[in-house]
Amino acid sequence: MALPVDLGFLTGVWLGTFLYGIYTVLFWLCVFKFFRRGGNGWIITITMVLLYTSSTIHIALALRSEISYFIEQSGQSFGALKALSRCCTPLQTARGAILIINVMIADALMIWRLYIVWERNILVCIPTIITFCGYVAFGIVTVHFSYKGPFYNRPTLIHWWSNVCNMAMTMTTTIWVTSLISFRLWKHRRLMAGALPARSLKFYHLVLMLMIESGVLYTVSWAAFLIVFCVGSPGQLLLMLQIMPQIVGISPTLILYQLQSGHKSTSVVTESNTLP
């Protein structure tokens, strides 16, 4: 059963606000731990601030859109539905651009994490750098054609393919990064477990830490978004568009929180190298 457009948008804003609350708590915990550690790790921390700022702007725009669609246009015939069926409005375009910027920041952080975990081996990062540049290029095309709406109900062919290519690029980046980081951490932890059996972690704890460090949450979220985009209804797509910026921000922030909390469970590199 297809989700109505208005219900999908309202549900997405509600879920996005809920996730933003979780994200806010997690972000300020990271800030507290950052200064408690003496301010080590400026590169990743500045990236976290940029991610949180863009997520805040996105949720503010979503709430402003909700007021515009369901209050200011409530007296018009099908006012909210007409507005939601178009992506050429300034608010729609701004929210889409913020999501693209958010993903660019998060992908860059994941590539940096891959670079550090693999002991600053730039060759391992070359495929992800190529796909990252592709994402930036298709992101620009996507924002440009947002002015050519309507999109959600009757997408133009160029706009549809630019979005698909855009998501394919970031999916390739996240899968590559997640796989290589997971392999590196798994291999290292096996060596450490053999050398220090008394300090080995319980199985469930090791799996959980591995998932958080490698960014599986980020990869799974993008896979779900791609499925909804290709086969879902416009209402389902609107729902996902409201919550993705928060998920994109939460995932790398979890990684930072884990590193700052000392739960790396024998990271591949030293703490000073992991948090440059």
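- Of the possible donor and acceptor atoms, one in the side chain of N102 sits under 3.5 Å from a partner among the backbone N and O of P245.
- Looking at D107 and T128, their side chains never come closer than 4.5 Å, going by heavy atoms from C-beta outward.
- Ring geometry for Y23 against Y20 counts as perpendicular: the plane angle is over 60°, on a 0 to 90° scale with 30° as the lower cut.
- The two residues S221 and M244 come nearest to each other via the heavy atoms O-SD, 4.0 Å.
- Taking 4.5 Å as the limit, every side-chain heavy atom of M169 sits out of range of all side-chain heavy atoms of F132.
- Ring orientation note: the planes of W28 and Y52 are nearly perpendicular, at an angle over 60° on the 30°/60° scale.
- With a 4.5 Å cut-off on side-chain heavy atoms, M110 and T174 do not count as touching.
- Heavy atoms only, all atoms of each residue included: L226 and M171 are closest at CD2-CG, 4.4 Å.
- For the pair E119/R184, a side-chain contact is recorded, criterion being any heavy-atom separation below 4.5 Å from C-beta on.
- Two residues are said to be in side-chain contact when any heavy atoms from C-beta on lie closer than 4.5 Å; V248 and W222 meet this criterion.
- We find the OG1-CG distance between T17 and L63 to be 5.0 Å, quoted to the nearest 0.5 Å.
- Rounding to the nearest 0.5 Å gives a distance of 9.5 Å between CG of L51 and CZ of F27.
- For the pair I243 and G16, the tightest heavy-atom approach, listed with the atom from each and the gap, is CG2-N, 3.6 Å.
- When all heavy atoms are compared, the tightest approach of I98 to S54 is CG2-O, 3.2 Å.
- Looking only at side-chain heavy atoms (C-beta outward), P252 and M48 come within less than 4.5 Å of each other.
- Between atom CG of residue N121 and atom OH of residue Y115 there is a gap of 8.5 Å, rounded to the nearest 0.5 Å.
- Summarising the geometry, atom CD1 belonging to I101 is positioned 11.5 Å from atom OG belonging to S55; distances are rounded to the nearest 0.5 Å.
- W118 contributes a side-chain N or O that, together with a main-chain N or O of L180, makes up a donor-acceptor pair within less than 3.5 Å.
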Candidate pair V31 and V49, rule side chain to side chain contact (heavy atoms under 4.5 Å, CB included), full reasoning: CA-CA 9 Å; V31 171; V49 173; 5.6 Å; no

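- Side chains of I126 and L123 form a contact here, defined as non-hydrogen atoms less than 4.5 Å apart.
- To the nearest 0.5 angstrom, M104 atom CE is 10.5 Å from T170 atom OG1.
- When only modelled atom types and interatomic distance are considered, T173 and T131 share a side-chain donor-acceptor pair under 3.5 Å.
- By the rule that hydrophobic residues join a cluster once side-chain heavy atoms approach within less than 4.5 Å of another member, F32 and L254 end up as members of separate clusters.
- For the pair L19 and I250, the tightest heavy-atom approach, listed with the atom from each and the gap, is O-CD1, 3.7 Å.
- Here L10 contributes atom CG and Q242 contributes atom CD; the two are 9.5 Å apart, rounded to the nearest 0.5 Å.
- Between the side chain of T253 and the backbone N or O of G249, at least one donor-acceptor pair lies under 3.5 Å.
- A 4.5 Å side-chain heavy-atom check between L114 and W176 finds at least one atom pair inside the cut-off.
- Closest approach of C125 to I111, counting heavy atoms only: SG-O, 4.1 Å.
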For the pair L241 and R95, evaluate side chain to side chain contact (heavy atoms under 4.5 Å, CB included) and give the outcome as yes or no after the intermediate values. CA-CA 9 Å; L241 284 172; R95 293 206 314 273; over 6 Å; no

